[in-house]
Amino acid sequence: MRLRLVAAAASAAATLMVLAVGYPALGAGVGWARGEVPTPPTVAPSPSPSPAPAVHTLHRVGGIGCDGHPQHEAAGTVTLTQVDDGLRVDIEVTDTLYPGQPFSVEAWEQAPGCYPDNALKVPGVGLTTNSAGAGTTTFTLPFPYGRTFPDGSTVTLGDGVGTEQLVLVLDRTDSTGAGDSYAAGPLPLPTAPPGDDDRDGVPDDRDRCPDSHPGYPVDGIGCARPLEVDWSVPARFTAPRRTPRRGCATRRTRRPSPSASPTGRRATPP
């Protein structure tokens, strides 16, 4: 019986040691020798991730660029970045078609129809190419960004209504009609990646166990993996030394066997 109890205690101790090694959060909160009550660590939810910048292609336009003309030659890039007060737009022209050319920039939420030059110009924004035909400009569209078309209809970008897709056009400032030279769109607005509130490395939209304990290894769907114990690892356990209590004898006296005589010799039956 004593051997079985010792073996059971050793097995339980080995399991605790494996748990402490495989699950750091558990081992950190267990005070074996001090008798402390384990306190699970708390983790604050991770802040909402910001949308990553979205890079799109700027295309050449043959005079009218209402739909962005994605079927035409690539002539640069348009990068959209969500910011606190709206949408930052970075336009880079890498073409050589219009050296030393100033452009106005038109921007609106994609909608049916097409409109005359400069009808939807962004106030105070422009781009001028260098002698090689390249150029850049950066500006921010404040949200919500509303524009009124010549027919009186209004569209607003960033209000959650409508297509919520941006059309950009670079129009030659000295043109007299059909001066659109570059365009991009319709461009979807950047979207934020899903968060990870329990910080287990699995995004919330795929996490089936959204409250995983900090530090525990999880599988591809965010749930704790089954504990695997390697019993082939040898372990040594040392029993703690007992300190005799005050007032108790430090030496145990062996009690005589009932079959022993007062003289210490084994009694013989009559």
Side-chain angles (χ1 to χ4, degrees), residues 51-83 85-159 161-192:
V55 181
H56 305 276
T57 302
L58 184 71
H59 299 274
R60 286 183 181 179
V61 174
I64 305 264
C66 294
D67 62 354
H69 284 269
Q71 73 275 14
H72 285 208
E73 300 93 335
T77 60
V78 173
T79 303
L80 305 180
T81 306
Q82 197 88 44
V83 294
D85 55 350
L87 182 69
R88 192 182 75 193
V89 181
D90 296 274
I91 301 176
E92 181 181 11
V93 176
T94 58
D95 201 13
T96 59
L97 192 59
Y98 298 101
Q101 174 67 53
F103 294 90
S104 62
V105 179
E106 301 174 7
W108 67 93
E109 181 185 43
Q110 190 268 337
C114 205
Y115 305 95
D117 289 341
N118 300 322
L120 304 171
K121 187 191 318 184
V122 180
V125 177
L127 182 151
T128 300
T129 59
N130 58 22
S131 59
T136 61
T137 187
T138 298
F139 57 94
T140 298
L141 296 177
F143 276 178
Y145 182 73
R147 305 301 289 166
T148 300
F149 293 143
D151 62 1
S153 60
T154 301
V155 292
T156 303
L157 187 68
D159 62 350
V161 180
T163 63
E164 288 296 272
Q165 294 186 327
L166 174 67
V167 175
L168 287 169
V169 173
L170 271 61
D171 183 15
R172 297 193 305 275
T173 56
D174 57 355
S175 64
T176 56
D180 296 346
S181 302
Y182 301 107
L187 308 178
L189 301 181
T191 56

Using side-chain contact (heavy atoms from CB on, under 4.5 Å), reason through F103 and I91 one step at a time and then give a plain yes or no. CA-CA 12 Å; F103 294 90; I91 301 176; over 6 Å; no
Mind listing the closest non-hydrogen atom pair of [X] and [Y] along with its distance?
{"X": "V169", "Y": "A183", "answer": "CG2-CB, 4.1 Å"}
{"X": "L58", "Y": "T77", "answer": "CB-N, 3.8 Å"}
{"X": "A52", "Y": "P190", "answer": "O-CB, 3.8 Å"}
{"X": "P188", "Y": "Q165", "answer": "CA-CG, 4.1 Å"}
{"X": "R147", "Y": "A107", "answer": "CG-O, 3.7 Å"}

Test item: [X] and [Y] side chains (from C-beta on) under 4.5 Å apart, heavy atoms:
{"X": "T156", "Y": "V161", "answer": "no"}
{"X": "V122", "Y": "Y145", "answer": "yes"}
{"X": "V89", "Y": "L80", "answer": "yes"}
{"X": "P186", "Y": "H56", "answer": "no"}
{"X": "P142", "Y": "D85", "answer": "no"}

Sub-3.5 Å donor-acceptor pair from the side chain of [X] to the main-chain atoms of [Y], do we have one?
{"X": "T94", "Y": "A75", "answer": "yes"}
{"X": "T137", "Y": "G126", "answer": "yes"}
{"X": "S104", "Y": "K121", "answer": "no"}

Quick one: side chain to side chain donor-acceptor pair (under 3.5 Å) partners of [X], sequence neighbours excluded?
{"X": "Q101", "value": "D174"}
{"X": "T154", "value": "T148"}
{"X": "T57", "value": "none"}

Please lay out, stage by stage, how L157 and W108 fare under the test side-chain contact (heavy atoms from CB on, under 4.5 Å). CA-CA 7 Å; L157 187 68; W108 67 93; over 6 Å; no
Y182 and R60: CA distance, side-chain angles, deciding distance, side-chain contact (heavy atoms from CB on, under 4.5 Å) verdict: CA-CA 5 Å; Y182 301 107; R60 286 183 181 179; 4.0 Å; yes
In chain order, what residues pass the salt bridge (Lys or Arg N to Asp or Glu O under 4.0 Å) check against D90, with sequence neighbours excluded?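 Applying salt bridge (Lys or Arg N to Asp or Glu O under 4.0 Å) to D90 gives R88.
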Which distance, rounded to the nearest 0.5 Å, do you find between the [atom1] of [X] and the [atom2] of [Y]?
{"X": "H59", "Y": "H72", "atom1": "NE2", "atom2": "NE2", "value": "9.5 Å"}
{"X": "L170", "Y": "T129", "atom1": "CG", "atom2": "OG1", "value": "10.0 Å"}
{"X": "L168", "Y": "L120", "atom1": "CG", "atom2": "CG", "value": "11.5 Å"}

Who pairs with V155 by side-chain contact (heavy atoms from CB on, under 4.5 Å), at least two apart in sequence or on another chain?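 Expected list: E109, A111, F149.
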Check side-chain contact (heavy atoms from CB on, under 4.5 Å) between P99 and all other residues, then give those that pass, not counting sequence neighbours. none
When you look at V78 and L166, which way does the side-chain contact (heavy atoms from CB on, under 4.5 Å) test go after all the steps? CA-CA 11 Å; V78 173; L166 174 67; 5.8 Å; no
